[in-house]
There are 2 protein chains.
Amino acid sequence: MSKENRAGIADVAARAGVSITTVSHVLSGRRPVSDKTKAKVLRVVQELDYRPDPSARGLRTGRSEAVALVVSDVTNPFYPQMAAGLQDVLQPQGFLISICSVRENSEDLDAALRHLLDRKVDGVVLASLTAQERHYAAITDAGASLVRLSGELDPRFGDIVRADDTGGMADAVTHVLERGNRRIGFVNGDPDTAPGRLRLAGYERALRDFGVEFDESLVVSGPFTRAGGVEGAHALLALDPAPEALVCANDLIAVGALDAVRERGLSVPRDVAVTGFDDIEAASLLSPPLTTVHNPAREIGRTCARLILERLSEGPAQGAREVVLPQKLIVREST
Amino acid sequence: MSKENRAGIADVAARAGVSITTVSHVLSGRRPVSDKTKAKVLRVVQELDYRPDPSARGLRTGRSEAVALVVSDVTNPFYPQMAAGLQDVLQPQGFLISICSVRENSEDLDAALRHLLDRKVDGVVLASLTAQERHYAAITDAGASLVRLSGELDPRFGDIVRADDTGGMADAVTHVLERGNRRIGFVNGDPDTAPGRLRLAGYERALRDFGVEFDESLVVSGPFTRAGGVEGAHALLALDPAPEALVCANDLIAVGALDAVRERGLSVPRDVAVTGFDDIEAASLLSPPLTTVHNPAREIGRTCARLILERLSEGPAQGAREVVLPQKLIVREST
DNA sequence: ACCCTTTTGCAATACGTTTTGCATACGATG
DNA sequence: CATCGTATGCAAAACGTATTGCAAAAGGGT
């Protein structure tokens with residue numbers, strides 16, 4: 001019920017004894033302003049607690065100091081971590097972060113992007129797997145910066161940030177090799193997905209680098225689920241000789257592998273070592289706690305934010321970049 | 001690079017052969033419009049894919065069709081679930097959802113609210129524990145609807161939505177009682193927190209309702225952590241006679257309890273039943289999968305959204321409401 | 001005193017809506 | 001035909017900022 005209206009730029013100008021023009025230029029830096037008046041204006045801005053109205057500014061400039069994170073499922077704990085990373089960088093700069101969850105279909109994504117672009121978001125971090133070229137184009141055409149978490153690098157369609165799945169998996173396998181194991185089973189998820197492909201590649205690479213021959217019969221595929229892990233692990237453990245370690249393409253599969261090992265009356269890590277991938281919350285809570293590879297979600301978020309800020313300040317003209325962040329092996333008690 | 005600019009309300013008016021005024025009124029419904037012209041206008045709106053510019057509208061009306069969720073830690077999986085619930089209701093209505101994570105201190109919250117209110121968010125869902133009256137007041141004074149997840153009900157400060165911790169815990173204890181157990185230990189977290197207090201109350205209530213005498217020596221307190229669970233469970237299991245079941249105040253404590261039971265060479269659920277609270281992701285992945293109480297985070301989100309929508313349409317004048325949602329017992333294999 | 005550079009002011013315009021009081025056209029009802 | 005209620009149009013005023021070309025002023029250096 002406070003009567004006094006918020007201060008506007010005109011109030012600041014009057015109080016500081018300068019023109020609106022000058023105040024605006026002090027704030028935007030688009031024209032040189034002498035240090036003296038600059039100081040005076042900034043002081044008055046403080047006194048009146050003046051903050052430009054985002055709507056008016058948006059109307060005039062077409063930007064909004066807001067960045068959107070578009071994901072396929074907020075519920076996936078990876079995304080909130082990313083969001084936290086975005087905030088780390090963007091919040092201090094005065095940006096607002098919106099999270100948009102879309103089901104994995106193009107229409108939802110279309111609608112969400114329309115909304116966001118109408119609102120003139122300055123940047124979009126796109127983490128939807130079903131995104132297509134037209135979506136990329138919609139974003140860049142609207143003048144927003146784009147950072148993607150997947151897809152092919154294309155100079156028209158913004159930067160890409162991703163974690164080094166192959167390297168991470170190679171680290172995990174190398175760790176198991178260093179523990180003295182040689183016969184190492186790999187329980188993959190769907191090999192037609194990017195993670196499936198890249199992680200398998202890491203497994204192969206680590207073996208090669210270590211001089212261990214790749215044995216096709218030690219690799220099984222299935223869904224990225226606990227059930228998939230149970231089945232895959234049983235198949236491998238039934239081999240003769242049985243593998244000494246089971247490297248799994250994600251943590252859910254590893255949980256299933258633990259189940260399978262237990263069902264066979266064996267013990268982890270004594271009889272067989274198990275590793276996962278992703279480092280979901282549950283990984284440290286299992287018994288034994290699971291050795292796994294931590295996806296640097298928060299750091300990915302930070303990196304996305306920095307790339308967006310760079311694009312925003314440097315203007316639109318620059319080639320696309322791809323940043324690959326290292327995954328980190330977390331050694332626990334399952335190996 | 002498309003030359004054609006976006007359609008404005010003037011274009012729609014021209015194409016439909018009516019005035020700007022009429023178009024606006026068709027869209028807002030603030031004046032009666034004949035069905036015939038209404039249809040014509042709406043058709044043109046479709047054809048031109050006209051959507052009012054949010055900045056311009058915001059500038060004029062002081063609202064933004066946006067709702068903010070302010071949380072203390074995006075990383076806590078409860079909040080993303082809530083966010084999903086908000087989206088379920090708000091997204092279809094054209095609202096944008098922003099998530100703001102603030103550290104648990106008043107300055108961060110102050111800054112975040114300033115930002116959000118500057119942007120004229122229509123509603124704020126406040127899930128920060130450190131929020132104080134001045135924060136509530138800032139929100140309502142700015143004309144935004146407020147829904148809180150904690151605190152005391154106050155007609156000036158919006159509605160409250162929360163889950164029925166006491167009832168949920170009572171359900172869990174009743175479940176254990178129905179399994180034939182009578183000597184039931186309670187491993188609490190910090191009893192000075194709201195959850196600690198309410199959940200203990202549920203434990204006591206269930207015993208009373210079942211006609212089992214409350215035994216103070218069966219209740220221990222500690223932090224809401226795995227380590228707290230280990231310690232508390234050991235203390236209770238060392239009693240003579242030992243309890244037949246351990247009811248834990250949250251899932252982390254329950255994980256610790258499972259550890260302790262295992263360390264003593266006992267088996268869950270054969271020798272002792274264990275229950276948790278919260279239904280974190282890990283709960284279903286443990287072995288045995290944990291019987292626990294599911295916090296209806298998504299439904300809480302939906303409810304918050306509905307309350308905000310109601311306030312938005314019905315105007316500001318109404319008393320505060322408190323909605324208490326039932327918790328849901330999830331029976332798994334640990335009991 | 002002169003010129004040059006840097007700093008500031010002016011005044012106007014554009015951004016795209018919503019809202020309004022008043023006036024007018026239109027039908028239908030009595 | 002008079003009248004009344006309902007639909008529409010008109011024109012203009014906000015909303016608060018950013019941007020601008022031009023001109024004036026203020027300094028600084030020679």
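Here the structure is a predicted model, which is why all the values come from computation and not from measurement.
Straight-line distance from the CZ atom of A/R6 to the C1' atom of D/dT17: 12 Å, rounded to whole Å. In this structure, the CZ atom of B/R51 is 11 Å from the P atom of C/dT17, given to the nearest Å. Nucleotide D/dT19 holds its P atom 11 Å from the CG atom of A/L27, rounded to whole Å. Straight-line distance from the CZ atom of A/R30 to the P atom of C/dT8: 17 Å, rounded to whole Å. Taking atom OH of residue B/Y50 and atom C1' of nucleotide C/dG16, one finds them 7 Å apart after rounding to whole Å. Going from atom CZ of A/R57 over to atom C1' of C/dA14 covers 17 Å, rounded to whole Å. In this structure, the CG atom of A/D118 is 10 Å from the P atom of C/dT17, given to the nearest Å. Put simply, CG on B/D11 is 12 Å from P on C/dC15, counting in whole angstrom units.
Ion pairing of A/D118 with B/R6 is present here, as a side-chain N (NZ or NE/NH1/NH2) and a carboxylate O approach within less than 4.0 Å. Looking at A/E322 and A/R148, no side-chain N of the basic residue comes within less than 4.0 Å of a carboxylate O on the acidic one, giving no salt bridge. By the 4.0 Å N-to-carboxylate-O rule, A/R43 lies close enough to A/E47 to be salt-bridged with it. With respect to A/R311 and A/D159, a salt bridge is recorded, a charged nitrogen being found less than 4.0 Å from a carboxylate O.
A close approach under 4.0 Å does not occur between any side-chain nitrogen or oxygen of A/R60 and OP1 or OP2 of D/dT19.
Among the protein residues, A/T61 comes within range of the sugar-phosphate backbone only, with heavy atoms under 4.0 Å from sugar or phosphate atoms but none that close to a base.
With sequence neighbours left out, the ring pair (Phe, Tyr, Trp, His ring centres under 6.0 Å) criterion links B/Y136 to B/F157.
Side-chain atoms of B/L59 lie closest to D/dG16 of the nucleotides D/dT19, D/dT17, D/dG16.
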B/S19 vs B/T22, test: side-chain hydrogen bond (donor to acceptor under 3.5 Å, both in side chains). Steps then yes/no. CA-CA 5 Å; B/S19 75; B/T22 303; 3.2 Å; yes
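Side-chain atoms of A/L309 and A/F95, non-hydrogen and from C-beta on, do get closer than 4.5 Å to each other.
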Per-nt protein contacts along nucleotides 3-12 of chain D (heavy atom under 4.0 Å; B base, S backbone sugar-phosphate only, - none) come out as ----SBBBB-
